[in-house]
Amino acid sequence: MEERYDPIAIELAWQKDWATSNKYSVSEQSDKEKYYLLEMFPYPSGRIHMGHVRNYSIGDVVARFKRLQGYNVLHPMGWDAFGMPAENAAIKHGIHPAKWTVENIANMRMQLKRMGFSYAWDREFATCDVEYYKWEQQIFLQMLKKGLAYKKSSTVNWCPECQTVLANEQVEDDGCWRCGTRVEDKELDQWFFKITQYAEELLDDTEKLSGWPDSVLTMQRNWIGRSTGCEVEFPIENSPDKIKVFTTRQDTLYGATFMSLAPEHPQAQALTTPEQREQVEAFIAKVRAQDKKNRTSEDFEKEGVFTGSYCINPLTQTRIPIFLANFVLMDYGTGAVMAVPTHDQRDFDFAKKYALDLVVVIQPKDQVLDPATMTEAWTDSGILVNSGQFDGMDNNAAKDKIADFLVEQKIGAKTVNYRLRDWGVSRQRYWGNPVPVIYCDTCGVVPVPEKDLPVVLPTNVKFTGEGGSPLAQHEEFYKTTCPKCGAAARRETDTFDTFVESSWYFARYACPHFEAGPIDRQAADYWLPVDQYIGGVEHAVMHLLYARFFTKVMRDLGYMNIDEPFTNLLTQGMVCKETQSCPEHGWLYPEDVVDGKCSKCGKPVTIGRTEKMSKSKMNVVDPDHLIAKYGADTARLFSLFAAPPEKDLEWNEQSVDGCYRFLNRVWRAVYDNLSLVADNPVPENSGSGRNLRRTTHRTIKKVTEDIDGRFHFNTAISAVMELVNAVYAFEDKQQYPGAVTEALEAIVKLLAPFVPHITEELWHGMGHTEDLEAVGWPVWDEKALVEDENLIVIQVNGKVRSKITVSATADNATVEATALADETVQRFIADKTVRKVIVIPGKLVNVVVG
RNA sequence: GCCGAAGUGGUGGAAUUGGUAGACACGUCGGUCUCAAAAACCGAUGGCUUCUGGCCGUGCCGGUUCGAUUCCGGCCUUCGGCACCA
């Protein structure tokens with residue numbers, strides 16, 4: 001009697017089994033080769049969403065596949081638990097962030113377990129555990145010693161909504177990456193990590209990351225933004241001082257006819273003559289009043305003011321006026337730019353506006369530039385003119401020569417500039433890792449001695465949402481004594497950016513219970529680096545760059561011995577769904593739409609664009625509902641089958657239904673043929689049995705190759721679907737029970753990484769007592785793949801005209817003769833001359849006629 | 001503007017090294033079973049057509065080739081990143 005497929009009961013039973021046997025726990029004491037698979041850990045927002053389901057389903061396929069292949073697989077899970085939503089919940093609903101976080105974690109842990117993901121749950125931790133963040137404080141103290149962490153006053157990105165500072169990487173479209181509120185400038189004393197010290201290595205090592213998508217590497221390279229050029233000193237007229245500029249266009253130095261300084265430039269005041277003082281002050285005041293983000297947008301009007309002073313072009317000895325200009329940025333290069341209006345569009349516009357001199361120093365090959373008639377700058381290559389000894393050279397070739405000349409003449413040096421800024425990590429928030437330093441009136445900034453760690457985040461704190469960080473109002477916390485002199489002192493009340501925690505969590509998974517330091521070298525040396533990392537592309541710069549930086553820092557501090565944290569990276573696409581809206585009620589959840597109408601008012605619903613699932617657009621599907629309706633295996637299968645992992649996945653309920661039907665079809669295929677399987681027959685190697693065997697082994701090969709390295713899960717699944725269809729279509733089941741059994745067992749084994757519950761159930765249902773993991777991944781038999789006959793496509797002049805079947809052992813001449821004799825082919829070549837026949841063995845014949 | 005990715009049926013997608021374009025699935029249509037329905041199973045499904053056949057067809061134009069979704073040149077569109085960076 002056939003059993004019915006009851007996903008919920010099956011899944012709960014197997015999940016219980018895995019939990020009680022601690023099945024996916026691993027240790028480094030193993031003779032197997034290690035494989036560390038990691039998915040980006042979630043923020044405990046309260047509930048998992050479809051993006052998590054997709055991310056973790058992809059990861060679980062790889063983890064289970066590698067385990068079946070015999071690897072010692074580390075597949076951990078944890079919680080990126082510090083951060084603002086917890087604090088906001090405290091302010092809004094009066095729940096303590098710690099309580100809120102712990103409850104959310106408990107719920108999400110349950111949801112993940114319900115999905116059947118094969119995590120090493122014994123390694124789970126949350127970044128808000130003092131056992132985790134205390135080690136981060138220790139790492140910070142080491143960084144402080146090495147000068148890799150420092151404090152400085154600077155203009156920072158301030159989110160007025162979140163009441164805190166944002167790193168440059170956390171500003172998107174001038175808004176806060178979390179809440180979208182427009183970011184303001186604010187002058188604050190801040191802790192920084194010296195990521196710029198690693199700029200060169202971070203850039204160079206992108207070359208080593210062959211397992212990363214090009215798009216992510218390009219984004220990181222752009223973000224680091226290396227440019228090579230020269231620093232050149234321009235003497236100031238009637239002064240011993242000089243102005244230093246950075247340029248990548250030293251080939252145009254002979255054409256520099258004025259100088260532009262940032263309004264904030266330290267020399268600006270000294271250069272201003274009494275006659276110009278009033279105008280300059282007015283200009284600086286105007287620029288100050290302007291928003292920094294506005295100022296750096298391209299369509300912003302370029303304005304400047306003459307300081308009244310002149311400097312000397314060091315190559316031409318010409319006297320050139322010094323301007324302040326609103327487009328010159330103090331925090332890039334030297335804050336001063338030599339202006340070459342003929343060969344830079346910005347400088348051209350500026351020169352036209354203020355009637356400044358133009359000197360052409362590059363002549364293009366096919367036209368003659370005349371400063372009097374030029375309407376725009378010539379920014380392409382050409383031949384140098386008006387450039388002294390360099391006249392006649394190609395401008396690109398001259399770059400090196402002029403750089404050498406500047407060095408020789410001691411007026412310049414070759415330099416490299418990076419766009420990358422140091423990482424500001426101070427946050428004026430409560431729910432984060434406290435920065436372990438103390439401020440003493442006599443001793444200054446004093447690091448908390450290591451023996452006094454951890455600086456524990458206090459729990460008895462009031463959340464009002466006003467007056468900045470609750471820590472700064474918590475006397476018991478900030479009142480302390482100086483570790484050096486013992487005098488009364490104040491503890492730092494800023495906490496770390498939560499991206500600090502996520503920069504090294506991957507390493508702590510190697511040794512989550514280690515008590516002598518952040519990292520157990522032995523465990524880390526065994527497990528690290530992460531072999532495969534999987535997560536959303538939205539972390540392409542922020543998290544992935546910070547984690548790379550931290551890896552290098554921790555290596556240099558002796559904590560671990562790797563250069564790069566993640567050998568391979570898979571960035572999965574977003575989960576999208578069409579939006580639906582009612583003219584009266586606005587956005588609608590899918591469950592509020594009945595037969596295309598709003599369930600509240602009955603008005604017809606407008607279908608909007610397909611966008612990333614988000615609560616604000618209400619185009620979300622709750623994984624819990626999906627699991628309750630179809631089970632976890634269907635949810636997993638759909639998210640893997642509907643699209644390749646790196647592409648966006650469009651939600652389609654009907655397609656989910658199709659996946660559920662397929663699992664039912666697999667279930668029946670096994671139970672309908674259970675009597676054939678019972679005796680465990682040997683696969684037959686003759687007749688149609690041999691054909692089924694060939695399909696089986698071909699499928700094993702295809703699925704293996706699709707999963708391994710390629711991550712083409714959708715085609716792997718479709719290949720298994722074809723095998724299932726082949727079993728249904730196989731007419732001689734009774735004659736060939738061995739071939740049928742082999743096919744069914746292959747189906748179950750091949751599907752195991754995708755849908756672990758139903759496959760384990762079917763495997764045991766087929767009479768096996770050991771688990772699928774003990775059986776291992778199937779291996780194809782090359783001999784079973786061999787074809788007796790080949791289907792040969794016959795083309796005439798490249799168009800398919802016929803198909804023939806020939807023996808696999810037939811030689812080219814035989815194949816050619818058979819093809820030419822074909823009736824349909826004859827019709828096409830009868831009245832023409834055969835000029836050439838191309839034979840691709842086993843595949844195709846192309847007859848060229850004319 | 002610069003850099004990166006993509007563009008294939010009604011839909012999601014496949015074609016791994018240049019060799020049958022549209023695998024697999026969804027949807028639709030037809031059939032079997034049923035009093036009926038659901039489920040299941042079987043079949044059809046790129047467009048056009050003078051239909052035992054033929055023509056067109058992978059964003060557009062051109063090239064290389066016996067043969068191009070795949071390679072080359074030039075465009076168009078969409079998405080993503082960077083951008084007054086000297």
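Nothing here was measured: the structure is a model prediction, and the numbers come from that model. First the proteins, then the strands, lettered A, B, ... as listed; each starts at 1. FYI, side chains are in, hydrogens and waters are out, and symmetry mates aren't considered; it's all heavy atoms of this structure.
Using a 4.0 Å heavy-atom criterion, one finds that A/Leu217 contacts no nucleic acid atom at all. A/Arg835 comes within contact range of no nucleotide atom at all, as no heavy-atom separation falls under 4.0 Å. A/Gln654 comes within 4.0 angstrom of the backbone, heavy atoms only, and of no base. Across all strands, A/Asn846 comes closer than 4.0 Å to base atoms (heavy-atom distances).
Going from atom NZ of A/Lys803 over to atom P of B/rG19 covers 16 Å, rounded to whole Å. Summarising the geometry, the separation between CG on A/Asn714 and C1' on B/rU16 is reported as 13 Å, rounded to the nearest angstrom.
In this structure, the side chains of A/Leu544 and A/Met40 come closer than 4.5 Å at one or more pairs of heavy atoms.
Of the residues near RNA chain B, A/Lys843 and A/Ile717, the one whose nearest nucleotide (by heavy atom distance) lies more toward the 5' end is A/Lys843.
Taking atom C1' in both B/rC82 and B/rC60, one finds a spacing of 29 Å when rounded to whole Å. Separation of the P atoms belonging to B/rC42 and B/rC33 is 16 Å when rounded to the nearest angstrom.
In this structure, A/Ser260 does not reach the B/rA86 phosphate: none of its side-chain N or O atoms is under 4.0 Å from OP1 or OP2. Between A/Arg221 and B/rG81 there is no side-chain N or O to OP1 or OP2 distance below 4.0 Å.
Stems are defined here as 3 or more consecutive Watson-Crick or G-U wobble pairs with pairing distances under 3.5 Å; those involving RNA chain B are B:1-7 with B:76-82, B:10-12 with B:24-26, B:27-32 with B:40-45, B:46-49 with B:53-56, B:59-63 with B:71-75.
Across B/rA40, B/rC85, B/rC24, the shortest atom-to-atom separation from the side chain of A/Tyr332 is found for B/rC85. Side-chain proximity of A/Lys836 to B/rC66, B/rA23, B/rA86: nearest is B/rC66. In the set B/rA86, B/rC24, B/rG19, the nucleotide with an atom closest to the side chain of A/Leu844 is B/rG19. Side-chain proximity of A/Trp223 to the nucleotides B/rG12, B/rC82, B/rC66 is greatest for B/rC82. Here the side chain of A/Pro644 is nearest to one of B/rA86, B/rC41, B/rG13, namely B/rG13. Nearest nucleotide to the A/Asn725 side chain, out of B/rA86, B/rU20, B/rA25: B/rA25. Considering only the side chain of A/Ile840, B/rG19 comes nearest among B/rA21, B/rG19, B/rC24. Ranking B/rA14, B/rA86, B/rC24 by closeness to the A/Ser718 side chain, first place goes to B/rC24. Taking the side chain of A/Ala643 as heavy atoms from C-beta on, and the options B/rA21, B/rG13, B/rA5, the nearest nucleotide is B/rG13.
Seen from the ring of A/Phe754, A/Arg636 does not count as a face-on cation partner, given the 6.0 Å and 45° thresholds.
The side-chain hydrogen bond (donor to acceptor under 3.5 Å, both in side chains) test applied to A/Gln345 returns A/Asp349, not counting sequence neighbours.
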So which protein nitrogen or oxygen atoms get under 3.5 Å of nucleotides 51-55 of chain B's nitrogens or oxygens?
residue, atom, partner, partner atom, Å
B/rG53, O3', A/Arg827, NH2, 3.2
B/rG54, OP1, A/Arg827, NH2, 3.2
B/rC55, OP2, A/Arg801, NH1, 3.1

